[in-house]
A.B. asks: 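Below is the structure I would like to discuss, written out as structure tokens.
These numbers come from a predicted model, not from an experiment.
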Amino acid sequence: RQARADADAETAAPVFQFEAEHYAFLETVGQAVVKVVRGGKLEVGASVVVSTVDGTAVAGKGYEARSEELFFAAGETEKAAGVRVLHDKLWTEDRSFALRLALPDGAPAKLGLIHQAQVTIIDMDGPGVFCWMDSAPKSFVSSDAKAHLVVERRRGCSGPVKLRVRSVDGTAREGVHYSKLDEDLEWSDGEAAKAVQVRLQQFAKPDDDAEPLVFYVELAGASGRADIAEGARCEVRVTWSAGEALEGLEVLEEASWADQFRQALSVGGGEGVAEASTVDLVMHYLSITWKLVAAFVPPPHYLGGWACFWVALSLIGVVTMFINDLASIFGCLVGLEDQVTAITIVALGTSLPDTFASVLAIRSDDNADNAVGN
């Protein structure tokens, strides 16, 4: 009888409550909106008061205090109530406050079971949690120069942070199949993603090349309050590729500056006079001046390749000027106009070396990338 009396009382008056007991919003949301629902008697208009109550979040610092009367017209079953969340741009623990329902004095209505709701403000100004962009194993072939991975900084990216990243052997061995990686990545304020590159090395064809070789790159530690998510290891798989290495291939050492001059002075780049043909000898002595000039170009591995790039580009400019002057003198002697000289002699002098370079690239490489570049 008592239960039926309570049910009759609820249907005889409007009943107000929140849609849920708990809500959570990001600190950057701006306006946190919750729903107040109405049941019971719907044929009449009714009002309910929504107000905020401090918790670990304090009005004026974490949110703006609110106390408002919501009016439900006849037949209206829900209304939105909003609270402005304040973004302080300082790292703190997640904080919460409460929203409470109350009835105006003398209002013929009732409050439901969920007449108070907890609202949690999730702080977004922390140093973040580091994880790999994709947890799936990454596959590469031995012809790739580097393995490219991406680390993300989630759940906050405030302040500078250092993240240690290192490689760990699996079936692939450091110094044989890949170059060792152990470095600190420096993240600036607001930076949310960073690339990690591991240099892959050439290696001879393994006895069993059906299964890829495996090594790992792991997130080893972060400075400050930054954290590392589960799954800090990224699996990297390297499959041998015939396009890069032949069976029994040994990795060549990077040539030094002195090696370049020794090769320039040697017939055929070091083959020796005994193995050289007559054509090799004639071409060697005709071009030895240019070989010595080209030997002054720094080796490609100096300064990350930039020294080689700029010096080689400067020498190309000098050679082009030299060809242009010779062509102008020749055109003047034989009576050719400058335009004719430019599209014949100068064009041949600057483009023909590129043609020979493209031929060598096609013969030496397994693809036409360098030929197209020339």
A.B. asks: If Ile, Leu, Val, Met, Phe, Trp and Tyr residues are connected whenever their side-chain heavy atoms lie under 4.5 Å apart, and connections chain through other members, are F97 and V29 in the same group?
C.D. replies: yes
A.B. asks: Salt bridge check, E152 against R154: does any charged N sit closer than 4.0 Å to a carboxylate O?
C.D. replies: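 A salt bridge is present here (some side-chain N lies under 4.0 Å from a carboxylate O).
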A.B. asks: Would a distance-only check, ignoring hydrogens and angles, find a side-chain to backbone donor-acceptor pair under 3.5 Å from H115 to L111?
C.D. replies: no
A.B. asks: Should F309 and V311 count as side-chain neighbours, where that means a heavy-atom distance under 4.5 Å?
C.D. replies: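 When only atoms from C-beta onward are counted, V311 and F309 do not touch, as no gap falls below 4.5 Å.
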A.B. asks: Using modelled atom types only, decide if a donor and an acceptor are shared between the side chain of S167 and the backbone of L181 within a distance under 3.5 Å.
C.D. replies: yes
A.B. asks: Taking L103 as the starting point, is it possible to reach V50 by hopping between hydrophobic residues whose side chains are less than 4.5 Å apart?
C.D. replies: yes
A.B. asks: Check for me, please, whether Y216 and Y178 land in the same ILVMFWY cluster - side-chain distances under 4.5 Å, paths through other members count.
C.D. replies: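 Unlinked, Y216 and Y178 end up in two clusters.
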A.B. asks: Out of S142, S139, P212, which residue meets the side-chain contact (heavy atoms from CB on, under 4.5 Å) rule with T239?
C.D. replies: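 So, applying the side-chain contact (heavy atoms from CB on, under 4.5 Å) to T239 and each of S142, S139, P212, only P212 qualifies.
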A.B. asks: Which heavy atom in M283 sits nearest to a heavy atom in S287, and how many Å separate them?
C.D. replies: O-OG, 2.6 Å
A.B. asks: Same hydrophobic cluster for V297 and V318, using side-chain heavy-atom links shorter than 4.5 Å among ILVMFWY?
C.D. replies: no
A.B. asks: So, Y23 side chain and A20 main chain: donor-acceptor pair closer than 3.5 Å or not?
C.D. replies: yes
A.B. asks: Could you check whether any side-chain N or O of K138 sits under 3.5 Å from a backbone N or O of A136, counting only pairs where one atom can act as donor and the other as acceptor?
C.D. replies: yes
A.B. asks: Is the number of heavy atoms from other residues, nucleotides or ligands within 6.0 Å of CG (L113) greater than 12?
C.D. replies: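 Count not over threshold, so no.
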A.B. asks: Should the heavy atoms of other residues, nucleotides or ligands under 6.0 Å from CD of E186 be counted, would the total exceed 12?
C.D. replies: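 It does not: E186 CD has 12 such atoms or fewer within range.
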A.B. asks: Run the numbers on Q31 and R84 for side-chain hydrogen bond (donor to acceptor under 3.5 Å, both in side chains), then give the verdict.
C.D. replies: CA-CA 4 Å; Q31 191 83 355; R84 183 174 178 79; 4.9 Å; no
A.B. asks: Which heavy-atom pair separates S67 from S51 by the least distance, and what is that distance?
C.D. replies: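 Scanning both residues, the minimum pair turns out to be OG-CB, 3.9 Å.
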A.B. asks: Locate the shortest heavy-atom distance separating L200 from A147; write the atom from each residue and the value.
C.D. replies: CG-N, 4.0 Å
A.B. asks: Which pair of heavy atoms, one from A193 and one from V150, lies closest together, and at what distance?
C.D. replies: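 Of all heavy-atom pairs spanning A193 and V150, the closest is CB-CG1, 4.5 Å.
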A.B. asks: To the closest 0.5 Å, what do you measure between CH2 (W187) and CZ (R153)?
C.D. replies: 7.0 Å
A.B. asks: Can you find a heavy atom in the side chain of V236 that is under 4.5 Å from one in the side chain of V198?
C.D. replies: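 The answer is no; the side chains never approach within 4.5 Å.
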A.B. asks: Is the backbone of V129 close enough, under 3.5 Å, to the side chain of D227 for a donor and an acceptor to pair up by distance?
C.D. replies: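 Judged by distance alone, no pair lies under 3.5 Å.
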A.B. asks: Hey, are the side chains of V49 and P104 touching, using non-hydrogen atoms and a 4.5 Å cut-off?
C.D. replies: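 Result yes, sub-4.5 Å side-chain heavy-atom pair found.
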A.B. asks: Quick one: does D325's side chain have a donor or acceptor within less than 3.5 Å of a partner on F322's backbone?
C.D. replies: no
A.B. asks: Rounded at 0.5 Å granularity, tell me how far CZ in F130 sits from NZ in K194.
C.D. replies: 9.5 Å
A.B. asks: Can you measure from CD1 (I121) to CZ (F25) and round to the nearest 0.5 angstrom?
C.D. replies: 10.0 Å
A.B. asks: Using modelled atom types only, decide if a donor and an acceptor are shared between the side chain of S188 and the backbone of P160 within a distance under 3.5 Å.
C.D. replies: no
A.B. asks: Is the closest side-chain heavy-atom distance between E64 and V83 below 4.5 Å?
C.D. replies: no
A.B. asks: I'd like to know if the side chain of R164 reaches the main chain of E183, judged simply by a donor and an acceptor atom lying under 3.5 Å from each other, with no hydrogens or angles considered.
C.D. replies: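 No: the side chain of R164 does not pair with the backbone of E183.
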A.B. asks: Can a salt bridge be assigned to the pair R166 and E218 using a cut-off of 4.0 Å between side-chain N and carboxylate O?
C.D. replies: yes
A.B. asks: Would you say the side chain of W132 lies within less than 4.5 Å of the side chain of V151, judging by non-hydrogen atoms?
C.D. replies: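 Result yes, sub-4.5 Å side-chain heavy-atom pair found.
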A.B. asks: Are the side chains of F18 and V37 in contact, using a 4.5 Å heavy-atom criterion?
C.D. replies: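 No; the side chains remain at least 4.5 Å from each other.
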A.B. asks: Minimum heavy-atom separation for S47 and F16, please, with both atom names.
C.D. replies: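 Heavy-atom minimum between the residues: O-CE1, 3.7 Å.
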A.B. asks: Evaluate the side-chain proximity of I228 to L163: yes if any heavy-atom separation is below 4.5 Å, no if none is.
C.D. replies: yes
A.B. asks: Please evaluate residues L42 and F72 with respect to the criterion side chain to side chain contact (heavy atoms under 4.5 Å, CB included), reporting the C-alpha separation (whole Å), side-chain torsions for both, the decisive distance (0.1 Å), and the verdict.
C.D. replies: CA-CA 9 Å; L42 303 178; F72 287 72; over 6 Å; no
A.B. asks: Can you check side-chain hydrogen bond (donor to acceptor under 3.5 Å, both in side chains) on S179 and E174, steps first, answer last?
C.D. replies: CA-CA 6 Å; S179 298; E174 167 195 315; over 6 Å; no
A.B. asks: Can you tell me how far apart CZ (F140) and CG (L149) are? Round to the nearest 0.5 Å.
C.D. replies: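 F140 CZ to L149 CG: 5.5 Å, rounded to 0.5 Å.
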A.B. asks: Can you measure from CG (D134) to SG (C234) and round to the nearest 0.5 angstrom?
C.D. replies: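 SG of C234 is found 8.0 Å from CG of D134.
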A.B. asks: Less than 4.0 angstrom from a charged side-chain N to a carboxylate O is my criterion; do E27 and R95 meet it?
C.D. replies: yes
A.B. asks: Y63 and side-chain contact (heavy atoms from CB on, under 4.5 Å): which partner among D54, V58, V119?
C.D. replies: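 Only match with Y63 under side-chain contact (heavy atoms from CB on, under 4.5 Å): D54.
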A.B. asks: Taking C-beta and beyond as the side chain, do V53 and L99 meet within less than 4.5 Å on heavy atoms?
C.D. replies: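 Not touching, per the 4.5 Å side-chain cut-off.
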A.B. asks: Please check: side-chain N/O of T56 versus main-chain N/O of S96, any donor-acceptor pairing under 3.5 Å?
C.D. replies: yes
A.B. asks: Return yes when atom CZ of F296 has more than 12 non-hydrogen atoms of other residues, nucleotides or ligands closer than 6.0 Å, and no otherwise.
C.D. replies: no
A.B. asks: Of all the heavy-atom pairs spanning V238 and F215, show the shortest one and how long it is.
C.D. replies: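 Taking V238 first and F215 second, the nearest heavy atoms are CG2-CE2, 3.8 Å.
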A.B. asks: Looking at T171 and V214, would you say the former's side chain and the latter's main chain have a donor-acceptor pair under 3.5 Å?
C.D. replies: yes
A.B. asks: Show, in sequence, the C-alpha distance, side-chain angles and deciding distance for R233 and E235, and conclude whether the salt bridge (Lys or Arg N to Asp or Glu O under 4.0 Å) test is met.
C.D. replies: CA-CA 6 Å; R233 276 193 176 188; E235 181 179 320; over 6 Å; no
A.B. asks: Distance check, rounded to the nearest 0.5 Å: H177 atom NE2 versus L213 atom CG?
C.D. replies: 4.5 Å
